[in-house]
Structures are given as C-alpha cells and as structure tokens.
Amino acid sequence: MGDSNNNNNPEKALEEFRNAWKQEVQKKHVQPESSSIKGLTKAATEQQTEEKSVADLIDKTEALTTQKTPVTAMEHYIIAVDHERQGKLGQALDSYRRAFKLDPDIDYAYKKHYQDTILPSIQKNKDQPAKQENEFKHIVPLGKEYTAPSATRKDPLADLIISFQNDPELSYIPLLDYKPIAIAKLPSEIMLQILRHLVLNSVSTIPYFALTCKKFFLLSRDPSVWQYACTQVFKEPGMSLEESRLHQSLYVERFDGHWMRMFIDRPRIRYDGVYISTCHYIRPGVSETAWEKPIHLVTYYRYIRFFPNGTILKHLTTDEPKHVVKSLVPGFNKKQCFHGNFVVLDDDQVLIRMKDSTLKNETFKLSLKIKTTHRGRHNKLNWIDYCSISSMPDRDDDHFDLKMFKPFFFSPLLLGKYIQKKEDFSAKTYTINFVLQPNGTLANDFGELNQRVTIRFSAIESYDLEIGDAINPIQVTFKYDEGSEIDYPLDFYSGYFDLFVYHMNDTSQSIPITFHLDASITSFHFMPTLQHRQYASNGTDRISLKILTGRSTTTQGFSIFICVLMWLLSLAMGLFGFQVVFRKRRADAHACMIGITTLFALPAVRSAQPGIPDVGCVSDILGFYWNMAILASSTIAVIMCWVMRWEYMDPETIKHQLAMQNNNASYAFSQHVQATIKLTRVALELEWTIFTRFTVGVIAATLLSIIYLILTLRNSKRPLVVWEKLNKPLIKLFRPRIFAFLLGNMNPYSKSIDMRISTFSRGFCTGFMRDRQRNRNPFKSIHATALATFAECVAELGLSSSLKDKEEISLLSLELEFKKKARGLLTASTDFTLPQEEEDDEAGSRKVNIQVVVKDRTLDTVAIAHLVWVIEKKSI
C-alpha cells in the first residue's frame, strides 16, 4: 500500500529519497579514517550511478582539466576522474597514485571541493549554453541505460502552449521602451525557415531559443520545424526527400502525430560524430629479476563512423581518439581498417557488412542495437552478434565471443567539409570550386532539386543528381593545355573546359546556365574568358571557359631585381679580377675568400625568386649561368695570381719585418692608450653628460635607500614589519637578500644554511633553501639538522607575524617526519591561523602546534615538521 502511494505521489517519493541519501552521506563522513579507499570509491561510484547529477560532475571535471602540468593533489585527482571517464584506466591509476601520494585524504577533500566549488558553479551556469570547443574529447557515459517513456503519453506542456496561443498580447516586448526590436520585423515564416536549419545543425540550442520569450517558445514547438528535421534525419540511404517525407508521415502515427516526440524518442544513427568502444586487457611484462613481476594495462579503441550514403568506416587501433577521429573520412585506409555498408532494421538494430582490404576472402558482419543513456539520446551501440564469413568452401563461419567486446559510445565532432587543394604548375593542373544554385522550376522552397539532372565538366567528370538532392560545392581538377615552366618568369598557361547541364538520360534537353567566376591565385594573375555557346544542331546550351594564368607583376618585378643583383655581384668580382691580373693589384687570402663566398651564395640568391622551377629556365639563361661563369673565372684568376706572385724571403729579412711589425704594434698600442686617456679625460670634463647623470642617479638612489633602511628599521623588531617596509621601489629587488642578511644577524643558524624568504604575510610564510655542499650529509643529501633549522625558521616567522606586542615565543618540541631524501632546491611553507585566546595556565602561557611542509623541486613532500611553541606574555 505504501509503495502504491509513493508511486501516485512522486514529490513525496522524491523527498524520501533525498532524506535517505543525506543520511547515507552523513554516515559515510563519520566513518573512521582507517576505512579502505577502495570501499569509499565503490560507495561513491554507486551513489553517482544513482544520481543523474553525475552528468554535471563530468562537465565540470572536463572544464577543470586543463593542458597545464598538474601540481597539487586536487589537480591530479580531477585529471584522474577525467581519465577514468574517458576509459584511460592506466593514466587514471597513475594520476590517482600521485594524488594520494601528495594527500592521503584527497578523496574527502574532493568531495568537499565538489560541494563548495563545483556544484554551485554548475547551478549558476546551468541555464547557459555550453561553449563549443574545437578540441575533441571522448565521452564514456556513466550510469544505467535510459528507458524512454511511452510514445503516446500526453505532452506535459500542452496546457501551457494553449495558454500562450490564446494570449492576445503575444508580441516582442523591448527591454527599453524607446528602443525598437529589429527581429520583430521578420515574419514568422522566415523565423521558421531559420529554425529548420538550426535544428539540423545545432539541436542543443533550441531549448535556449525557446526560453527567450513566449513567441520564440511557440515557434520552437511548431510541427513544421520538426517534420522537416525528421524528414532529413530519418531518410534512408538511396531514398529521395519526397519519398522520405511520405514515409515519415505514415510513421509519425505511432507517436500520435507528434513530430517533436518522434524526433526525440525514435532511435536513429547519428552522422555528426564517431562511435568509440574503449577496451582493455592485461599483458604480463618482462623483469630482469625474480623479485618483480610487472604487468601492463593495454588500452585500445574501436571506431565506427556512419555516413549518410549508407557506408561505414571501422578502425581498430591503440591511438587515442583525439589523434584519430578527424582522419576518419571517406578514403581513409590503414591497417585494421574496414569499409562496408549498413542498414537499419526495426528502427533500433543496425546490420553492418564490411571487408578488410588485406583479407580478400573474409567478410565481417556486425549486428548492433541502438540504446540511449542519461548522457544523451541514441549514443550507445550494444553488441548483438559479430561473425566472419569466408568465401573459401572448406571454412565455416566464425562467431566471436562478445564477452570482451565493450559497447560503442557516441562522441560528437566538428568534421571538415572541404579538402584544400593547391595548384601544381609542374604538373600543369588547377582546381576550381564550383558552387551551383538551382533556380526556377528546378528547385523547391528548400533549394532541393525537383528534377533529375546531370552536370558534366568537359569530358573529365560528370555528376548525376536525383530529385530531392541538395547540390553541394564541387571541386574539379583540370589540366592546362599550353604553357611551360621553362619560360619563367614570363611563363603563361592556358586551359579550356565546358560546363554542360542537362536532364538525366536526355542530352537533347539542356538547362540554361548563368555563370559567375570569382578567382585569385597567390603570385599569379588570373585572366578568364567566358563564352556562352548554343548549338543549333541539338539545342544544347554550354558555357566555355578559357583560363590564361601568368606570373603577377610583383613576382616578375622581384625576379628581375634578383637577376640585376646577381649581375652586379658577378661584374664587381669580374672587375676586381681584371685589376688583379692586368693592373697588378695586390691580392691576398681575404680577396680570395670574397670570391669563394659569393660563388657559393649565388644559388641561394637565385632560389629567393618566388615559385622559380629547377635550373634551366629563361631566367637562368639570361643571368644565372653567366653570373656563375664570371664569378668562377674571376675567383680562379685571383687565386692563381696570389699563388704565382709569392716571393721567397731569406730568414734575416723575415726577422727584420717581424721586428718592424712588433715596433709598429708597440707604437700603435701606445698611441691607442694615449687616445683612450684623452677620450676619458674629455668625457670626465664634460659636466652632466648622460653617463655622469646616470652614475650620480644610481649613487644617490643607493644612498637614499641606505638612509631609509637605517631610519625605518632601527626600531623595527617584528619580522613582518621589516618585510613590509622593504617593499619599496628599488629596495624590493633586493628584499630577499636584505631580509636574509637581517635574519642571519638575529639567528646565525639561518645564515649557515643559506635560506631565503620568498613570501611572507600574516600567518603565512614560504622560504627556499639551496642544496649546498656544507648542508649535505655523507649520503649526498641535505642533512637532517639543516632541514630542522629550515623548518624552525619558517615556523617561527609564521607564528611571530600573528603575535601581539607583549607576547614572546619559545620552541618546546620539534618532531621531523621524513618522507624521502632531500636533494636540490627545497621549499618550506606554513599556513597558520592563531586560535582564539584560550585560558592561560598558571604560568600565563599557552601552547600552539604548527606544521611545516618541506617539498623538493618536483613538489614531492620531503619532510613534515611538527613544532610545539609556547606563547608567554612579557612581565611589566
């Protein structure tokens, strides 16, 4: 009786479920810390599967997972949750291990973080549409499968729709009375046409459109919008739009004529993404010793992409989805890649027949069932049967065991629609992108064909279009008939092609064409010539296009400039060689190097011409060949003269010349010293030059800073006051060193370990200590005494910043808990909040516990120091 009452009163049942859930959560929070992590994780998983809010958790986790390197335990834990959701169990285990290594209680901290930060943010942004990102992320839905309600149920918003339709003041209301609404000028027919395209391209934005105002809500519920969407989405391969419209009109009777309900609840194959199955298996590893037995968790993926023309593409690989999904396009062919066709049976069963190009005698048949999860509609494919059929007579059909086969989950993706192509003038080809728009009686109101037509481009390609098809952009590659690269930069290319459109299977009935050409090519000028020809013999109507392509004026001008530059370099070297050979000009090793360097640099100068082909064009005949010949002959002549004009000198002459050179060098050095002295004297005599002003300014600033420090710090006894007073221009640059010097005078032990303070505020202090030789122990790690001194100094500073004027502190005990060996740069930090004043003991003192965490460069915890301080009040 109680169950029936709860079923009749859903609000009461929901309230009882909430109370039971709250009690269960409170019981889990009071469990002792010794409970196993595995049990907590399992309980949390059961709770998430029962709660539909897991989808919000997944979205927020995905937003918090960024590309930067994780540092804290919370960041590692969030990334682990995201990896587990995507099926990457190996990476998830590694991130979980790192998170629990940094913080053993990170699972409790994550629950608190979710309640305090993630959940309020989700509730705040739940009415805002999600931003569409280009980065692909594979989504594995969690929880049980979704059970669709009855197809003949009553629309819960029917009464609201009727009330809106009967509203006499159903119009756009401006936010400001004096500011008109521009969209109000659009008739409802145009708004419905826009919605028809919107529901096909981004159906998730329809609810946000409906929430704008009452009129938009009624437009979003218009049956014509959803009828158009059902006609397009549920059109079977090979079926025209008119046939699909008639078929869907009969099928909608199963949903009481409700087109929107049919679009939402009727199972369908989705073409705007990829279905992915994530699988795992454990493989034993190899160890060099018998003490270790490593195992490897291997993850691999099965991808299936469906195409509207009835074809499929299946790929099996270990590559992650973000590296594969954008390559799954028609024509994709790699190892373990299958191509085939599919049909949909009984609305929710998909039958696939496919082949692998490497297995000629094998045909594979798959049977899948379309399912729905709480994450989205029709986004799951369950395995029904998978078998291999061999064409060889002596082999039977093989049925695979489906126990190890995981279901496919749909992941949406922004797939490209066009393929970029470049003009290849070495092969003398060019590509034109045709955008065709049928008009008149050829097309209906939606731009779809009403007649069967054929489009032919010369004798190269032809396209047959059926009734109801929409003409997409067509890319056709043509060849140039005339032109050659040998004429660079004066090369021209010409090509011809005909465009002919006629009714299918009847070339005598041509269709009139209006042609508009808009083209541009980088570094080339494009000169098209159109001819509209009508043939009286067969009554055909064709458009002939002659294309003349040549180098642009800028390219030709720059090529001429390069040619002139090469001629100037070669003529200059030729003139120098003429002077050396015939005018007896002195030649040395430096002159020879100039010619050799120019000779090897000239090919690089030639290659600077844009789009220049290989050696042998007109530009090379006019310049490059001759320039290389002049440079080579001039360089050889200079080198030969340098070698042949060498004269033998006796040793006495060589010694005399060396002595003269030394005397000249000594004389030159003395002259240089004297000139430097004179220049320095002149510079010093110039008053208030830039150098002297800068020097005086630096000296004055230094003196003022020293005076400021002496005056302000002479009576400062609180470390925090000293730190804040050092936060001044120019002094701030040297604040860590100055503070370390002052701290070393008060505490000589801190000076012995060479520590610095990087951040200091009330109750918070962070310092770092470098790995010095004097701080090390015999095991080449930092000594425990140095770590204890480091932690004690940081804790003392953090505690002293929270004391009152008449309070003093003294260390009572210090306990150091070592986690790993300390090497490299170490960082110690403490975050302390002085508790409220408690009753002092008989001696007028109280104890305070402080914890200091010491970490290394990789943010691994090296040691944790537990210090107990005694706070005493000064006696007056």
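Numbering starts at 1 and runs along the sequence shown. Keep in mind the model is a prediction, meaning the values are calculated, not measured.
In this view, Asp319 satisfies the salt bridge (charged side-chain N to carboxylate O under 4.0 Å, His left out) rule with no residue, not counting sequence neighbours. With sequence neighbours excluded, the residues that form a ring pair (Phe, Tyr, Trp, His ring centres under 6.0 Å) with Phe342 are Phe306. For Gln336, there are no side chain to side chain donor-acceptor pair (under 3.5 Å) partners two or more places apart in sequence or in a different chain.
Cys230 has its side chain out of reach of Val252: every pair of non-hydrogen atoms, C-beta onward, lies at least 4.5 Å apart. Taking the side chain as every heavy atom from C-beta outward, Trp383 and Leu368 approach each other to under 4.5 Å. At a threshold of 4.5 Å between non-hydrogen side-chain atoms, the residues Glu189 and Gln193 do not count as touching. Using a 4.5 Å heavy-atom cutoff, the side chains of Arg305 and Tyr271 are not in contact. A heavy-atom distance below 4.5 Å is found between the side chains of Asp385 and His399. Here the side chains of Phe234 and Pro267 are not in contact, with every heavy-atom distance at 4.5 Å or above. For the pair Val81 and Tyr96, the minimum side-chain heavy-atom distance is below 4.5 Å. The side-chain heavy atoms of Leu192 and Arg196, taken from C-beta on, include a pair separated by under 4.5 Å.
The CZ atom of Arg270 sits 11.5 Å away from atom CD1 of Ile370, with the distance rounded to the nearest 0.5 Å. Annotation: the span from Leu402 atom CG to Asn382 atom CG amounts to 10.5 Å, rounded to 0.5 Å. With values rounded to the nearest 0.5 angstrom, Leu219 atom CG is found 8.0 Å from Cys213 atom SG. Put simply, CD1 on Ile276 and OG on Ser411 are 4.0 Å apart, with the number rounded to the nearest 0.5 Å. Distance check, rounded to the nearest 0.5 Å: CG of Leu218 to CG of Asp222 gives 9.0 Å. To the nearest 0.5 Å, atom OG1 of residue Thr318 and atom CD of residue Glu320 are 9.5 Å apart.
Relative orientation of the Phe263 and Trp226 rings is tilted, given thresholds of 30° and 60° on the angle between their planes. Relative ring orientation between Phe400 and Phe405 is described as tilted, the plane-to-plane angle lying within the 30° to 60° band. A parallel orientation is assigned to the rings of Phe209 and Phe216, their planes being inclined by less than 30° (bins at 30° and 60°).
Within the 6.0 Å centre-distance limit, the rings of His315 and Phe332 are counted as a close aromatic pair.
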Check against side chain to side chain donor-acceptor pair (under 3.5 Å), Glu236 and Ser244: CA-CA 7 Å; Glu236 297 180 3; Ser244 176; over 6 Å; no

Step-by-step side chain to side chain contact (heavy atoms under 4.5 Å, CB included) determination, Leu366 to Leu351: CA-CA 6 Å; Leu366 283 79; Leu351 184 62; over 6 Å; no

Pair Leu316-Tyr301, side chain to side chain contact (heavy atoms under 4.5 Å, CB included): steps then yes or no: CA-CA 6 Å; Leu316 177 65; Tyr301 305 89; over 6 Å; no

Full working for side chain to side chain contact (heavy atoms under 4.5 Å, CB included) between Tyr300 and Arg302: CA-CA 7 Å; Tyr300 63 97; Arg302 288 187 176 93; 4.0 Å; yes

Residues Arg221, Met260; criterion side chain to side chain contact (heavy atoms under 4.5 Å, CB included); working and verdict: CA-CA 8 Å; Arg221 308 283 294 198; Met260 180 178 177; 3.5 Å; yes

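The minimum heavy-atom distance between Phe408 and Ile304, with the atom names listed, is CZ-CD1, 3.7 Å. For Ile269 against Val344, the heavy-atom pair with the smallest separation is CG1-CG2, 4.1 Å. Closest heavy-atom contact between Thr231 and Gln227: OG1-O, 2.7 Å.
A salt bridge links Arg377 and Asp265; the closest N-O separation between the charged side-chain nitrogens and carboxylate oxygens is under 4.0 Å.
Defined by atom type and a distance below 3.5 Å, a donor-acceptor pair is present between the side-chain atoms of Thr373 and Asn379. For Ser388 and Glu362, the side-chain atoms include at least one donor-acceptor pair closer than 3.5 Å. Side-chain contact, His76 with Ser95: no donor N or O sits under 3.5 Å from an acceptor N or O. Looking at Glu243 and Gln248, their side chains never bring a donor and an acceptor atom within 3.5 Å of each other.
A 6.0 Å sphere centred on NZ of Lys406 holds no more than 12 heavy atoms belonging to other residues, nucleotides or ligands. Within 6.0 Å of NZ on Lys334 lie no more than 12 heavy atoms contributed by other residues, nucleotides or ligands. No more than 12 heavy atoms of other residues, nucleotides or ligands shown are found within 6.0 angstrom of NZ on Lys365.
For the pair Arg245 and Tyr228, the cation-pi test (distance below 6.0 Å, angle within 45°) is failed. Both the sub-6.0 Å distance and the 45° axial angle are satisfied by Lys314 relative to the ring of Phe338.
Looking at Thr363, Ile312, Asn341, Leu313 one by one, the single match for side chain to side chain contact (heavy atoms under 4.5 Å, CB included) with Met354 turns out to be Ile312.
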